[in-house]
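Below you'll find the structure, written out as structure tokens, and then a few comments.
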Amino acid sequence: MERHHIFHHGKKEKALSERLGFIAPLKPQMHPNGAGRTKEADGIDGELKRRCKAYYIEHYGTEEQFLEEFYFSASEAEEP
């Protein structure tokens, strides 16, 4: 298993992912940054990003606040 930070653009995002629990254990082939990643890795990463964004908005703040704290590309989170 590999530890995947759902949002990982820089130290600030990694630390915030840690603090908020936006971490997922993934098999190496499912890790989006893994050497042996498969095509399914992008879909899983997008789904995790969508779920974490929804959770953040429900429990922590607005969509605008979320976008201030995290880099969130619509293309990264597109439905497969």
Under the 3.5 angstrom rule, does the side chain of K49 hit a backbone N or O of I6 as a donor-acceptor pair?
yes
Quick check for you: to the nearest 0.5 Å, what is the distance between H8 atom NE2 and D45 atom CG?
5.5 Å
Within a strict 4.5 Å, meaning less than it, do heavy atoms of the H5 and I23 side chains meet?
yes
To the nearest 0.5 Å, tell me how far K27 NZ sits from M1 CE.
7.5 Å
I'd like to know if E18 pairs up with R3 as an ion pair, taking the criterion as any Lys NZ or Arg NE/NH1/NH2 lying under 4.0 Å from an Asp or Glu carboxylate oxygen.
yes
Are F70 and L20 close enough that some pair of their side-chain heavy atoms sits under 4.5 Å apart?
yes
May I ask you to decide if T62's main-chain N or O and Q65's side chain share a donor-acceptor pair within less than 3.5 Å?
yes
Take E69 and K12, measure what salt bridge (charged side-chain N to carboxylate O under 4.0 Å, His left out) needs, and give me the verdict at the end.
CA-CA 9 Å; E69 296 203 276; K12 178 186 168 219; 5.2 Å; no
Can you tell me how far apart SG (C52) and OH (Y60) are? Round to the nearest 0.5 Å.
10.0 Å
Between M30 and A41 the two heavy atoms that sit nearest each other are O-CB, 3.5 Å
Student check: side-chain heavy atoms of L48 and H4 closer than 4.5 Å:
yes
